[in-house]
Amino acid sequence: MKSRYQYRIYPTPGQPTELAKLFGCCRVVWNDALALMKAIPQGEK
């Protein structure tokens, strides 16, 4: 059985800036990892 949950957050006044920083860092790490994976020739691990 598959379940799905929805959450809504209500950040306090200082939290939107901190969340934006966090997700910005996550985006950079994801893009760097993706670039490394694409740089590996096909068939290699």
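Contacts classified as side chain to side chain donor-acceptor pair (under 3.5 Å) and involving residues 15-27 (residues at least two apart or in different chains) are given here: Thr12-Gln15.
Leu36 places none of its side-chain heavy atoms less than 4.5 Å from the side chain of Asp32.
Two different hydrophobic clusters hold Tyr5 and Ile9 under the rule that ILVMFWY side chains link at heavy-atom gaps under 4.5 Å.
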